[in-house]
Undergrad: 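Dumping the structure here so I can ask a few things about it.
Predicted model only: the values in this text are computed from it and were never measured. All residue numbers refer to positions in the sequence shown, counting from 1. No hydrogens, no waters, no symmetry mates; every other heavy atom, side chains included, goes into these values.
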Amino acid sequence: MTARQPLFRRLLVANRGEIALRVMRTARELGIETAAVYSDVDRNALHVRRADYAFRLGPPSPKESYLCIDRLIEAAKAMRCDAVHPGYGFLSENAKFAEACAEAGLVFVGPPPHAIRAMGDKVEARKIAAAADVPLVPGLNEDVRDDQTMAIKAREIGYPVMLKAAAGGGGKGIRIVREERLLVEAARLARAEASAAFGDDRVYLEKLVVEPRHVEIQVMADQHGEVVFYGERECSVQRRHQKLIEESPCVVLTPALRQAMGQAACRLAKAVGYVGAGTVEFLYSRGQFYFLEMNTRLQVEHPVTEVRFGVDLVKEQLRVAAGLALTPVPEPRGHAIEVRINAEDPDTFFPALGTISRMNLPGGPGVRMDAALYRGLEITPHYDSMLGKLIVHGEDRAHAIARCRRALEELRLVGITTSVPVALRVLDDARFVRGDYDTGILDGISRAPAPEVVELAAMAAAVAKFALARPNTVDSARAPATSPWRLVERLDRLGGRAR
């Protein structure tokens, strides 16, 4: 391979939205042609416009488009691709898709099928982790149908306990049980939810870690048996087991503990014959860490690692997939924070629909916005509610928090309700500012608007009522500072916390 020869000739990005656009940008820098796929509702999406080639998959439903393996392979062949990047979500952790790519003569930019299967089965993953001397949360490593045996083990490890789907993910198939009398019914509900979500009703039992922090290690492995890790990411700001804010480094980890977690993650990756980018997730509590699961793909929050270490993880994925050796891990610098921007009600977290009529994306030093947004974009119920990700980098944590708050206040997405207000509440919370928080932080954050917002809203309503009572309306372009239009602008600058 010469210095100028691209790693691949043409890459199919088997995904949509911001991750498809993000992969394409790196591919273009490497001289790789890009091929997009789209459903009918995504015909005008940015990832389609920016690609060199595009292929229609079918109707909006994921089952008829982005989850249809046969159509994706057909698309790759039709556009004469030689590699496939799955992004995250959809088929990114589907062993059958990886196998289908190999059978079609396509390089799958991800781990081998056997690694996807082993880590995708949470029971099997626990067994492999135990054999690799990776600390585990006390519990049962297999599905138990006998209620009495399950109750005995729960008593042995002590309540509260957690029931989790063996094939789970995304917070589905999970039940917390605090009393023995509730165990059997909780197991029934967990199995039913797991069966509906994953077609697999197996559940396993583990001790509920009290006041845990969710800390994950980014690993990268090549085809020559080498594995490295790029520090950690703190992902404890969650709602319904879905991450909202991530940061790096984790403020409570000592260098020795960070090294121990990284080495444990690398041992697990080697034990399963891993190749490519992956994330090993741990629970941390009171000086101890425990294996949670391994995500066999690029994570949503990978930019946190990229900006802190000064690396392009997608580039590393493509290099590894082409058979090249790993590059050395750079020294990290500063502090990084990522906020997921979701189309949802900030109080209930229910998905929100709408059309973006106006927008302003933040910028400035140390600010990165990964999104595929444009004016006129319709937010539909067919796909995930995440609109994009705001990533900031600062010289230290205090600087990163201030920069993140400033960037969020610059962000404007008119026509759609977003999760920005709750992110601002977290950034203002004393526990987050101190770094003294766990996965329950959102439960204790008030959702009431700040007093100054309530006062300003009341002023706006009063002035508006007065203005509407007059025979002549006020020209908004020449409105005084106390007009409802100006007050609304001030409300907007407060980050939408009144909405």
Side-chain angles (χ1 to χ4, degrees), residues 10-28 32-81 83-94 97 100-101 106 108-110 170 297-300 302-303 314 340-344 351-359 361 369-390 413-419:
R10 189 172 299 159
L11 177 70
L12 174 71
V13 183
N15 216 296
R16 64 181 298 277
E18 70 86 14
I19 186 57
L21 200 58
R22 187 263 170 277
V23 172
M24 288 176 183
R25 283 170 170 154
T26 291
R28 187 175 294 277
I32 302 171
E33 294 180 346
T34 57
V37 288
Y38 62 92
S39 69
D40 289 340
V41 75
D42 280 340
R43 181 178 298 275
N44 295 317
L46 282 187
H47 76 279
V48 179
R49 300 186 209 175
R50 300 286 172 81
D52 297 304
Y53 302 88
F55 185 94
R56 176 188 174 273
L57 291 174
S61 168
K63 289 184 178 180
E64 299 177 275
S65 53
Y66 298 104
L67 291 175
C68 186
I69 293 176
D70 291 343
R71 287 289 285 168
L72 288 167
I73 298 300
E74 180 185 349
K77 290 180 177 179
M79 293 185 285
R80 299 182 180 180
C81 299
V84 176
H85 195 301
Y88 53 69
F90 291 133
L91 295 171
S92 61
E93 294 181 284
N94 188 298
F97 183 47
C101 288
L106 300 163
F108 180 75
V109 183
R297 53 173 167 79
L298 195 68
Q299 290 281 86
V300 173
H302 76 273
V314 173
R340 303 190 189 194
I341 312 299
N342 301 317
E344 60 189 21
L353 306 180
T355 300
I356 297 177
S357 58
R358 295 199 312 276
M359 61 181 242
L361 301 184
M369 186 77 190
D370 281 17
L373 304 175
Y374 59 91
R375 288 180 60 184
L377 173 65
E378 181 183 1
I379 310 304
T380 73
H382 301 292
Y383 310 116
D384 187 84
S385 64
M386 194 179 75
L387 300 173
K389 306 170 310 196
L390 171 68
L413 294 174
V414 179
I416 190 72
T417 302
T418 74
S419 57

Undergrad: Please identify each residue that fulfils side chain to side chain donor-acceptor pair (under 3.5 Å) with Arg56, with sequence neighbours left out.
TA: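 For Arg56 the side chain to side chain donor-acceptor pair (under 3.5 Å) partners, ignoring immediate neighbours, are Asp40.
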
Undergrad: Please identify each residue that fulfils salt bridge (charged side-chain N to carboxylate O under 4.0 Å, His left out) with Arg71, with sequence neighbours left out.
TA: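 Arg71 satisfies salt bridge (charged side-chain N to carboxylate O under 4.0 Å, His left out) with Glu74 once adjacent residues are dropped.
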
Undergrad: If we only count heavy atoms from C-beta on, is the Ile379 to Thr355 side-chain gap below 4.5 Å?
TA: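 Counting from C-beta outward, Ile379 and Thr355 never come under 4.5 Å.
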
Undergrad: Residues in side chain to side chain contact (heavy atoms under 4.5 Å, CB included) with Asp370, at least two apart?
TA: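 Side chain to side chain contact (heavy atoms under 4.5 Å, CB included) check on Asp370 returns Glu18, Arg22, Pro303, Arg368, Lys389, Ile391.
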
Undergrad: Taking only residues two or more places apart in sequence, or in another chain, which ones meet Arg80 in a salt bridge (charged side-chain N to carboxylate O under 4.0 Å, His left out)?
TA: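 Not a single residue meets the salt bridge (charged side-chain N to carboxylate O under 4.0 Å, His left out) criterion with Arg80.
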
Undergrad: Answer yes or no: is there a side-chain heavy-atom contact under 4.5 Å between Asn15 and Val23?
TA: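 SC-SC contact between Asn15 and Val23 ruled out.
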
Undergrad: According to side chain to side chain donor-acceptor pair (under 3.5 Å), who are the partners of Glu93, at least two apart in sequence or on a separate chain?
TA: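 Checked Glu93 against side chain to side chain donor-acceptor pair (under 3.5 Å); matches are Thr296, Arg297.
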
Undergrad: For the residue pair Glu33 and Met79, establish whether any side-chain heavy-atom pair is separated by less than 4.5 Å.
TA: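 When only atoms from C-beta onward are counted, Met79 and Glu33 do not touch, as no gap falls below 4.5 Å.
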
Undergrad: Using the test salt bridge (charged side-chain N to carboxylate O under 4.0 Å, His left out), find all partners of Arg28 that sit at least two apart in sequence or belong to another chain.
TA: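 So Arg28 forms a salt bridge (charged side-chain N to carboxylate O under 4.0 Å, His left out) with Asp52.
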
Undergrad: Just by distance, do the side chain of His85 and the backbone of Ala20 share a donor-acceptor pair under 3.5 Å?
TA: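 Such a contact is absent between His85 side chain and Ala20 backbone.
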
Undergrad: Is it the case that Ser39 and Tyr383 place a side-chain donor and acceptor less than 3.5 Å from each other?
TA: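 Yes, side-chain donor-acceptor contact under 3.5 Å.
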
Undergrad: Evaluate side chain to side chain donor-acceptor pair (under 3.5 Å) for Asn44 paired with Tyr38, printing each intermediate quantity in order.
TA: CA-CA 9 Å; Asn44 295 317; Tyr38 62 92; over 6 Å; no

Undergrad: Find out whether Phe97 and Leu72 are in side-chain contact, i.e. whether some heavy atom of one side chain is under 4.5 Å from a heavy atom of the other.
TA: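 SC-SC contact between Phe97 and Leu72 confirmed.
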
Undergrad: Please name the pair of heavy atoms, one in Ala76 and one in Leu106, separated by the smallest distance, quoted to 0.1 Å.
TA: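 Here Ala76 and Leu106 meet closest at CB-CD1, 3.6 Å.
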
